[in-house]
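Side chains are part of it too, since the values below use all heavy atoms of this structure and drop only hydrogens, waters and symmetry mates.
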Amino acid sequence: MTTLSTTNTPPQVHGLFDPATWTVTYVVHNGPGSEAAIIDSVLDYDPKSGRTQHASADQVIAYVRDNDLKVKWILETHAHADHLSAAPYLKARLSGQIGIGGNITQVQKVFKGVFNLEPGFKQDGSQFDHLFQEGEAIPLGALSGEVMFVPGHTPACAAYRFGDAVFVGDTLFMPDVGTARCDFPGGDARALYASTRKLLSLPPETRLFMCHDYPPADRPVAFETTVAEQRAKNIHVHDGVSEAEFVAMRTQREATLEMPTLILPSVQVNIRAGELPPKEDNGVAYLKIPLNAL
């Protein structure tokens, strides 16, 4: 087992919530002047105009600079279907390596076909600086992280564990919201159930940080919980829920869900590590919208 911290101090976690996509970007570090990792950044995208902006990413940059942090990693928990990644923008301004779970190659192969991408699009993950493997250590100054593969929502989902903090991506939501959908290409409810049990087998005091929150009307946005709270209260996977019950619930629930608003622009950008498609001969980059394909 990887040694998760070389200090007795829990990592500092700063979350920045993006209300347009309900996404939380995290900066993980060991105090001012230390090395840092950024997890699940957001590129602002207006689907009506096709314009991108950087207000969300600039908030991350401001926090990093205000705390004199040295960004070593810009991590993605998966190829998101609800927001575009700002990883290249952050890398250009803060340095750091863009990393994702190694199974991103499976997602690239599926969506190269869905979008009929250009022949030169590589399906080997080489758009990213580093492809993590299960259990791999993530060096981060006085902290040491560990990669946990948590497939189900997508084949490439990974959680990142630093000390007592685990960044779970879309695998789990807050206890009153439940778990991720599994009906995207490559999704698997049985795999997701196993991934939730893997996370919930961690020590009960472990802090779990969500990638999103979609709160009920009677509570404010929240994105931090614990293993103990999830095991006791998660509406989909609390202790006692069987795999068969979970799969039946997810299958029934998936039939009622609409596709995310930004799935088509997001996925084709995020499988490129956040880079926009190549510009065409008129100097403009174009996103593709496959008709009747999903």
Query raised in the report: Any chance CZ of R219 has more than 12 other-residue heavy atoms, nucleotides or ligands included, within less than 6.0 Å?
Result: yes
Requested in this report: Answer yes or no: is there a donor N or O on one side and an acceptor on the other, between the side chain of Q106 and the main chain of N103, under 3.5 Å?
Outcome: no
Requested in this report: Go through V237 and L200 one step at a time and tell me if the side chain to side chain contact (heavy atoms under 4.5 Å, CB included) criterion holds.
Outcome: CA-CA 9 Å; V237 287; L200 299 183; 4.3 Å; yes
Requested in this report: Would you mind checking if D124 and K109 are paired as a salt bridge, meaning a charged N to carboxylate O distance below 4.0 Å?
Outcome: no
Report summary line: Interatomic distance, SG@C182 vs CZ@R253, rounded to 0.5 Å, equals 11.0 Å
Requested in this report: Determine whether F121 and P278 make a side-chain contact, defined as any pair of heavy atoms from C-beta on separated by less than 4.5 Å.
Outcome: no
Report task. Run the salt-bridge test on D46 and K48 with the 4.0 Å N-O cut-off and return the result as yes or no. Result -> yes
Requested in this report: Rounded to the nearest 0.5 Å, what's the gap from CG on D239 to CZ on R231? Could you check?
Outcome: 4.0 Å
Query - Sub-4.5 Å side-chain heavy-atom contact between L69 and S34 - result: yes
Requested in this report: Flag the pair V28 / I38 as yes when at least one side-chain heavy-atom distance between them is below 4.5 Å, and no otherwise.
Outcome: no
Query raised in the report: Ignoring hydrogens and geometry, is there a side-chain-to-backbone donor-acceptor pair from T206 to L202 under 3.5 Å?
Result: no
Query raised in the report: How about F128 and H130: are their ring centres within less than 6.0 Å of each other?
Result: no
Query raised in the report: Is any side-chain N of the basic residue among R190 and D188 closer than 4.0 Å to the acidic one's carboxylate O?
Result: no
Determine all donor-acceptor pairs shorter than 3.5 Å in which one atom belongs to a side chain in residues 53-62; sequence neighbours excluded.
unit_1: S56; atom_1: OG; unit_2: D18; atom_2: OD1; d: 3.1
unit_1: S56; atom_1: OG; unit_2: D44; atom_2: OD1; d: 2.8
unit_1: D58; atom_1: OD1; unit_2: Y89; atom_2: OH; d: 2.7

Requested in this report: With rounding to the nearest 0.5 Å, note down the distance linking CD1 in I235 to CE in M174.
Outcome: 12.0 Å
Requested in this report: Measure from the side-chain N and O atoms of S41 to the backbone N and O of A86, and report whether any donor-acceptor pair falls under 3.5 Å.
Outcome: yes
Query raised in the report: Remaining members of V247's ILVMFWY cluster at a side-chain heavy-atom cut-off under 4.5 Å?
Result: none
Requested in this report: Kindly determine whether Q230 and T225 satisfy side chain to side chain contact (heavy atoms under 4.5 Å, CB included), including the steps that lead there.
Outcome: CA-CA 7 Å; Q230 291 280 16; T225 180; 3.3 Å; yes
Query raised in the report: According to the salt bridge (charged side-chain N to carboxylate O under 4.0 Å, His left out) rule, which pairs have a member within residues 80-94, sequence neighbours left out?
Result: K91-D129
Query raised in the report: Can you list the residues that meet the side-chain contact (heavy atoms from CB on, under 4.5 Å) rule with S201, with sequence neighbours excluded?
Result: none
Scan the side chains in residues 284-294 for donor-acceptor partners under 3.5 Å anywhere in the protein, sequence neighbours excluded, and list what turns up.
unit_1: Y286; atom_1: OH; unit_2: N282; atom_2: ND2; d: 2.9
unit_1: K288; atom_1: NZ; unit_2: F115; atom_2: O; d: 2.9
unit_1: K288; atom_1: NZ; unit_2: N116; atom_2: O; d: 2.8

Report task. Report the residues that fulfil ring-ring contact (aromatic ring centres under 6.0 Å, His included) with F184, sequence neighbours left out, ordered by chain and then residue number. Result -> H153
Report summary line: Residue set satisfying ring-ring contact (aromatic ring centres under 6.0 Å, His included) with H238, at least two apart, ordered chain then number -> none
Report task. Working to the nearest 0.5 Å, report the span between OH of Y193 and CD of E245. Result -> 8.0 Å
Query raised in the report: Under the side chain to side chain contact (heavy atoms under 4.5 Å, CB included) criterion, do L199 and L172 qualify, and how do the steps go?
Result: CA-CA 9 Å; L199 290 168; L172 289 167; 4.1 Å; yes
**Report entry** K233 atom NZ, over 12 foreign heavy atoms within 6.0 Å
**Finding:** no
Query - Euclidean distance, N234 CG relative to D176 CG, rounded to 0.5 Å - result: 9.0 Å
Report task. Can you run down the side-chain hydrogen bond (donor to acceptor under 3.5 Å, both in side chains) pairs that involve residues 61-73, sequence neighbours left out, and say none if there aren't any? Result -> H29-Y63
Query - Pair listing, salt bridge (charged side-chain N to carboxylate O under 4.0 Å, His left out) test, anchored in residues 264-282, at least two apart - result: E118-R272
Query raised in the report: Between the side chains of Q127 and Q108, is a donor N or O closer than 3.5 angstrom to an acceptor N or O?
Result: yes
Report summary line: dist I263:CD1 -> Q268:CD (nearest 0.5 Å) comes out at 11.0 Å
**Report entry** side chain to side chain contact (heavy atoms under 4.5 Å, CB included) between K112 and V110, intermediate numbers included
**Finding:** CA-CA 6 Å; K112 180 174 184 177; V110 169; over 6 Å; no
Query raised in the report: Side chains of V147 and Y160: does their closest heavy-atom pair fall under 4.5 Å?
Result: yes
Query - T77 side chain to D40 side chain, donor-acceptor N/O pair below 3.5 angstrom - result: yes
Query - ring-ring contact (aromatic ring centres under 6.0 Å, His included) partners of F167, counting only residues at least two apart - result: Y26, F209
Requested in this report: For the pair D164 and R207, find out whether any cationic side-chain nitrogen is under 4.0 Å from an anionic carboxylate oxygen.
Outcome: yes
Query raised in the report: Can H83 and T21 be counted as having a side-chain donor-acceptor contact under 3.5 angstrom?
Result: no
Requested in this report: With sequence neighbours excluded, give me every salt bridge (charged side-chain N to carboxylate O under 4.0 Å, His left out) pair touching residues 254-269.
Outcome: R250-E254
Query raised in the report: Would you say the side chains of T226 and E205 form a donor-acceptor pair under 3.5 Å?
Result: no
Query raised in the report: Which residues satisfy the ring-ring contact (aromatic ring centres under 6.0 Å, His included) test with F149, sequence neighbours excluded?
Result: none
Query raised in the report: If we only count heavy atoms from C-beta on, is the E136 to M148 side-chain gap below 4.5 Å?
Result: no
Query raised in the report: Are the side chains of D170 and C157 in touch, meaning some heavy atoms are under 4.5 Å apart?
Result: no
Report task. Taking the side chain as every heavy atom from C-beta outward, state whether Q12 and N30 have any atom pair closer than 4.5 Å. Result -> no
Report task. Answer yes if M210 and V177 sit in the same cluster of Ile, Leu, Val, Met, Phe, Trp and Tyr residues linked by side chain heavy atoms under 4.5 Å apart, and no otherwise. Result -> yes
Query raised in the report: Do the side chains of L16 and V42 get nearer than 4.5 Å, heavy atoms only?
Result: no
Query raised in the report: Just checking, is any N or O donor in the side chain of H80 or S266 under 3.5 Å from an acceptor N or O on the other one?
Result: no
